[in-house]
Amino acid sequence: MVTPRKVIAIVGPTASGKTGLALQLAQKVPAEIICADSRTIYRGMDIGTAKPSLEEQGGVPHHLLDILNPDQPYSAAEFKNDANRLMQDIESRSKLPVVVGGTGLYVTALLYDYEFPAGADNTLRKELEQKELTELQDELRQRDPEAYKTVDTKNKRRVIRAIETIGQPRSRNNRLPENCLLLGLNPSMEELEKRIQKRTKQMLGEGLVSEVKSLANKYGKAVEPLQTVGYREVIEYIEGRHTLEETEQLINLHTRQLAKRQLTWFKRNKDIVWFPNAEQAIAYIGSPTL
RNA sequence: GCAGGGUUAGUGAAGCGGUCAAACACGAUAGACUGUAAAUCUAUUGGCUUAUGCCUUCGUAGGUUCGAAUCCUACACCCUGCA
């Protein structure tokens, strides 16, 4: 490590090998990992999220893993605060914070210092959710014509949020902080496909079904975190809607679709330095030209 | 062998004389996304370099009709009932 970095972030689609890269990095530099992942924050969601086990963490501190139960909501704004606090802690210990994760919004919010509007008022949100999309569109159009122009008016969640936050500011930085290195891992689609298939098989073999059963029993199968790829399909399997083999295929399919969506998010970020695999990324980080 | 049902775009599946290039779902492709983001949502999806246009599609080959995915005949394949 020639130039000291204040923070390194690793992004990429699911199953691209981010965790492995982070660990390799941590072997070269004293580092701690901040997980930017909207699913591994949940306790009990281990197998289906490919959460690194304590053993796999190899003594490198991993933050923001298992901080909530699946019935507790979390948000990008909370992540940003938590991660910022952690980065300071880690820096104060003279270690390198490494932000790793596939949740694009989380990483972006942190690195580009998003200013979020206030959180939702549950009563108001429930009220709004009762309404039809067209009603909500009308309401937004009347109360905030400017927002109406920019919001995705066909997306009910977005329209509701826009109504909730009328008059509140939102901003972001357009540039990455100087001392931040943003790495992207993007194996070929064929490679990714292989990794996904292997991983799904492994998850099922390690007891994904019983993990999902126990979570569904505890929290109900309707909680949002259980609408996750890998969990939703297994719930359908438990309900007898597919065979185990179909379930595996569906998980593969939906994971691939997820990976593409993640890539769509990251692709437009021109600050990301992309690598097809961990080796090349490590070589780049270690090169004296940095 | 007789009787009945079926064969529709990448897949499943509607349509059963005109308003059908053909609903819908899935898949695919591209994309959006600042307090749910592994979520949510959008566009396109027969061909023609792009049009209130043309061409080719609804098992195959014929026929009836001004007009057929839709009706008739024959053939092929599949499923079911009786043998």
Side-chain angles (χ1 to χ4, degrees), chain A residues 11-16 18 35-42 45-51 68 70-83 101-122 124-126 128-129 133 136-137 147 149-166 168-174 189 193 196 199-200 203 208 212 222-236 241-242 246 249-269:
Chain A
V11 300
T14 186
S16 58
K18 300 184 291 292
C35 299
D37 186 306
S38 68
R39 300 293 123 140
T40 54
I41 53 168
Y42 289 113
M45 293 180 67
D46 304 329
I47 300 169
T49 60
K51 186 188 291 168
L68 295 174
D71 55 353
Q72 298 176 287
Y74 195 66
S75 69
E78 287 174 275
F79 170 81
K80 187 196 158 193
N81 292 335
D82 291 344
T103 304
L105 177 60
Y106 285 15
V107 178
T108 310
L110 175 68
L111 266 28
Y112 296 86
D113 195 24
Y114 276 29
E115 174 190 18
F116 287 97
D121 170 334
N122 276 326
L124 174 62
R125 177 167 290 186
K126 281 209 176 104
L128 293 173
E129 277 170 349
L133 178 62
L136 295 165
Q137 289 169 335
K149 279 187 220 161
T150 53
V151 165
D152 178 357
T153 50
K154 291 193 176 156
N155 190 336
K156 192 171 173 181
R157 281 190 185 179
R158 297 274 157 69
V159 179
I160 288 175
R161 181 96 265 260
I163 293 172
E164 285 173 357
T165 58
I166 285 174
Q168 296 185 43
R170 53 188 70 199
S171 66
R172 61 163 287 170
N173 293 155
N174 288 317
M189 226 23 223
E193 178 86 26
I196 288 169
R199 201 177 69 175
T200 304
M203 286 174 177
L208 180 59
V212 176
V223 293
E224 176 90 17
L226 289 185
Q227 309 316 308
T228 298
V229 173
Y231 290 81
R232 198 195 296 217
E233 295 80 0
V234 169
I235 286 172
E236 288 168 2
R241 296 206 258 155
H242 322 289
E246 286 166 347
Q249 300 307 336
L250 283 170
I251 294 175
N252 284 154
L253 172 69
H254 294 154
T255 306
R256 186 173 65 233
Q257 292 173 335
L258 164 65
K260 295 185 93 172
R261 250 179 289 136
Q262 290 174 303
L263 245 16
T264 299
W265 174 280
F266 291 123
K267 260 192 289 189
R268 65 178 170 179
N269 185 333

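Proteins get letters first, then strands, A, B, ... in listed order; numbering begins at 1 in each.
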Touch class at under 4.0 angstrom, heavy-atom based, for A:Arg256 against every strand present: sugar-phosphate
Distance, nearest 0.5 Å, that separates OH of A:Tyr112 from CG of A:Asn173: 9.5 Å
Rounded interatomic separation in angstrom, taking NE2 from A:His254 and P from B:rA39: 10 Å
Spacing of the P atoms in B:rA23 and B:rG10 (rounded, Å): 14 Å
B:rC71 to B:rC16 separation - C1' atoms, rounded to the nearest Å: 10 Å
Separation between the P atoms of B:rU57 and B:rC2, rounded to whole Å: 33 Å
Side chain of A:Gln257 (C-beta onward), nearest among B:rG27, B:rA38, B:rA30: B:rG27
Interatomic distance where CD1 belongs to A:Ile235 and P belongs to B:rA38 [whole Å]: 17 Å
Gap between atoms CH2 and C1', on A:Trp265 and B:rC41 respectively (whole Å): 13 Å
Side chain of A:Phe116 (C-beta onward), nearest among B:rA39, B:rU34, B:rG27: B:rU34
Donor/acceptor link under 3.5 angstrom from A:Asn155 side chain onto base of B:rU40: yes
Plane angle bin for A:Tyr74 and A:Tyr106 - parallel if under 30°, tilted between 30 and 60°, otherwise perpendicular: perpendicular
Same-atom distance (P) from B:rU8 to B:rG63, integer angstrom: 24 Å
Whole-Å C1' distance, B:rU64 and B:rG47: 30 Å
Under 3.5 Å donor-acceptor pair, A:Arg158 side-chain atoms to B:rA39 base atoms: yes
A:Leu253 side chain, from C-beta outward: closest of B:rA38, B:rU36, B:rA28: B:rA28
Length of the CD-P vector between A:Glu129 and B:rU36, whole Å: 11 Å
Nearest-angstrom distance, C1' atom, B:rU11 to B:rC66: 37 Å
Between A:Arg170 and A:Thr165: side-chain donor-acceptor atoms closer than 3.5 Å: yes
Electrostatic pair A:Lys126-A:Glu129, nearest N-O below 4.0 angstrom: no
P gap between B:rA21 and B:rU34, integer Å: 41 Å
Residue A:Lys260, side-chain heavy atoms: nucleotide from B:rA28, B:rG31, B:rA38 that is nearest: B:rA28
Touch class at under 4.0 angstrom, heavy-atom based, for A:Ala259 against every strand present: nothing
Given B:rA38, B:rU34, B:rG27, the nucleotide with the shortest approach to the side chain of A:Val229: B:rA38
Under 3.5 Å side-chain donor-acceptor pair for A:Arg39 and A:Thr228: yes
B:rG18 to B:rA83 separation - C1' atoms, rounded to the nearest Å: 45 Å
Among B:rA39, B:rA38, B:rG31, the one nearest A:Arg157 by side-chain distance: B:rA39
Sugar-phosphate, base or nothing in reach of A:Gly48, heavy atoms under 4.0 Å: base
Integer-rounded Å distance: B:rC26 P and A:Glu236 CD: 12 Å
Sugar-phosphate only, base, or nothing, as touched by A:Lys156 at under 4.0 Å among non-hydrogen atoms: nothing
Sugar-phosphate, base or nothing in reach of A:Ser171, heavy atoms under 4.0 Å: base
CD on A:Gln137 to NZ on A:Lys154, rounded to 0.5 Å: 9.0 Å
Length of the line joining A:Ile160:CD1 and B:rC41:P, which is rounded to integer Å: 11 Å
Whole-Å distance separating the CG atom of A:Leu136 from the C1' atom of B:rC41: 14 Å
